[in-house]
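A short worksheet on the structure shown next.
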Amino acid sequence: MNILNRLRRAFADAAPEGLSADAFSQAVRPSTDPRFGDYQANGCMAAAKALGRNPRELAAEVASRVDLSPMAGPPEVAGPGFLNVRLIEDWIAAALGDLLADDRLGVEPVDDPETIIIDYSSPNVAKPMHVGHIRSTVIGESLSRILAAQGHKVIRDNHLGDWGLQFGQILWGWKHHLDRDAFERDPVGELARLYRLAAAKMKPAEDLGPRLAKVQALESQGKPDEAAALFARLFGDSGLSRPQAEAAVAEALAVAEAAREETAKLHAGDPENRKLWERFMPHCLEALEGIYQRLGVKFDVQLGESFYDAMLPEVVADLKAKGIAQTSAGATVVFTEATSAPMIVQKRDGAFTYATSDLAKIKYCEEEFDADRLLYVVDSRQADHFKQVFDVARSWGYSSVDFEHVAFGTILGRDRKPFKTRSGDVVGLESLLDEAVAKAREVVDENSAHLPEQERARIAEVVGIGAVKYADLSQNRLSDYVFDLDKMVAMNGNTATYLQYAYARTRSIFRKGETTPEAIRRARPPIFITHPAERALGLALLRLPETLDVAAAELKPNVLTDYLFGLANLFSSFFEECPVLKAESPERRDSRLALCDLTGRTLAFGLDLLGIEVVERM
RNA sequence: GCGCCCGUAGCUCAGCCGGAUAGAGCAGCGGUCUUCUAAACCGCCGGUCGCAGGUUCGAAUCCUGCCGGGCGCGCCA
């Protein structure tokens, strides 16, 4: 049952003549302030303007015509022409009674379920995951759960980066710097070390190369003095002499070239590289699996770029045959209106790009799953790439699929610059989780020393991981944000811990009262709304469905966290102000127990949609 | 140069397909545990919504310009 939708239908029926009933009803929304009732219809001002009428008169007319029974009486005209709706307590109480018997807490499946593929997480398997990877994973997982709860068929897809240059880098490292003992002890750690080593060696090419090129350009123009001055300015902070800088760049370029060659050999089917790749992969996947298990993330499809590799020549050939792709400067490219630069589907050296791989994946997904929507939960910096891919996919024939880049903002460091994984200065995802769990453990030990060791450990894990996820999910996904470890592991204020704590309190009261939520649900006691805190809490409980609608429509988990935080807040106030077990009568007691059960279930349900667990006590 | 995004309280952020007096958390200050979990509750302090125009009955929200910051832009993924 969705209150907002019911009100909208009622107002649509009462819309002034000569007006779009739809637009009029869309102007119904939750009130911004309790003094203006519970919901408000704001369409009369604009309607009056369009019809050349007095807005207050028109509002009064609509108010007398609209039938909101049994939810509310006639709305009240206020201000310049607002219509304020105040729900009737008896109706709220009755609706809560129905909710008590409803396992789905009022959430109804959508009328037209879709098949939705969500591409998220998608890490490079060879690199250890760091804090930058958490957003896609956590947001994608939550969106999957939200859409599935709405009755859609959701396919969770982890498009692994298992075929790119990073393997060339590892292969190069393996052949030149392998520590066999280290690999035996900790394969993933050693592979990561080799990757970082290669990346570090290649870095001067990016950092110093362009600067050096500018200096050399001046020299070739016959301006040695200016070149020397520029060199001093550009390289002063590096402490490198001219020959050192040239040597560093030259070495970096050599390593980069070598890594590219290793990659090319792998792609070309070189037996040695292929064998090594097959040897590395299980270790990489196992390490990933460990993290996903800890995060409670599970994919339906986990196919990497290597899987699509075989399809790529076909994709390019088909694009060419259909006149979509063309040859330009030795590469095969597609010009699109999406961006000024064309999209490269095959490089001059014959290698394919991740754009080609994305196209192959679209083809595969359409043939395999016949998806209605394809969502990509990926960093907003790749917006142009997806614009191109979607554009090309549509002209390629996949025009009935709804593509969407579910972008999210960049994680910034304390200096407000994008969080980079500088070698040696990486906040690994694992260590972030460990730190959060350790902090939670301290708090548990302090507050709940009486609980058994094993239970405290379990609570710390649930609370710590929940804190990290919530810190990310409660943010508007589009905003960049400053990574702050203290905030990520905080357990006061608007945090998962606060919600988990509220949940634990709803459960604790049943233990104390020597009854169970199940017993209350079976008994279905009448609900009484007598106290303002009960009314506010009760109304919030009825608003889960409309909240989920918004979160799903905007693909924004923070809509849900806001709602849950508000709900927990209202519960905490209710808990302070309304005695439950010591209520004035058994009827009141049972009514309040029912509110506790509904709150607990709603919190647990909502947190589950965020991928966050709860504990029975903490 | 072209394109995209962002400037809201001391800090971190909600609110942004127009609605009434702009919200939260943290930080600060002050109250509340012999009574259902104080990981909590209640109160106070705190904002020319970057600046200037425009559209509108109504602008943090839409449009234009400017200032400040970030990102992307043919062979990395």
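Proteins get letters first, then strands, A, B, ... in listed order; numbering begins at 1 in each. Just the heavy atoms: all of them, side chains too, but no hydrogens, waters or symmetry mates, feed the values below.
As the counterpart of B:U61, no nucleotide is assigned, since no Watson-Crick or G-U wobble pattern has both distances under 3.5 Å. Pair assignment for B:U55: none, as no Watson-Crick or G-U wobble contacts are both less than 3.5 Å. Using the Watson-Crick or G-U wobble rule with both distances under 3.5 Å, B:G10 pairs with B:C26. As the counterpart of B:C4, B:G70 is assigned, both hydrogen-bonding distances of the Watson-Crick or G-U wobble pattern falling under 3.5 Å. As the counterpart of B:A39, no nucleotide is assigned, since no Watson-Crick or G-U wobble pattern has both distances under 3.5 Å. When Watson-Crick and G-U wobble pairs are counted only if both distances are under 3.5 Å, B:C75 pairs with no nucleotide at all.
In this model, a side-chain donor or acceptor of A:Q40 finds a partner on the base of B:A20 within 3.5 Å.
A centroid separation of 6.0 Å or more is found between the aromatic rings of A:F574 and A:H531. A:F390 has its ring centre less than 6.0 Å from the ring centre of A:Y376.
Look at B:C6: its glycosidic torsion is beyond 90° from 0, and that puts it in the anti range.
In this structure, A:N558 atom CG and B:C16 atom P are separated by 10 Å, rounded to whole Å. Summarising the geometry, the separation between CG on A:L537 and P on B:C41 is reported as 14 Å, rounded to the nearest angstrom.
Using modelled atom types, one side-chain atom of A:S572 and one backbone atom of A:A568 make a donor-acceptor pair closer than 3.5 Å.
Using a 5.5 Å limit on the distance between ring centres and a 30° limit on the angle between planes, the aromatic ring of A:F82 counts as stacked on the six-membered base ring of B:A20.
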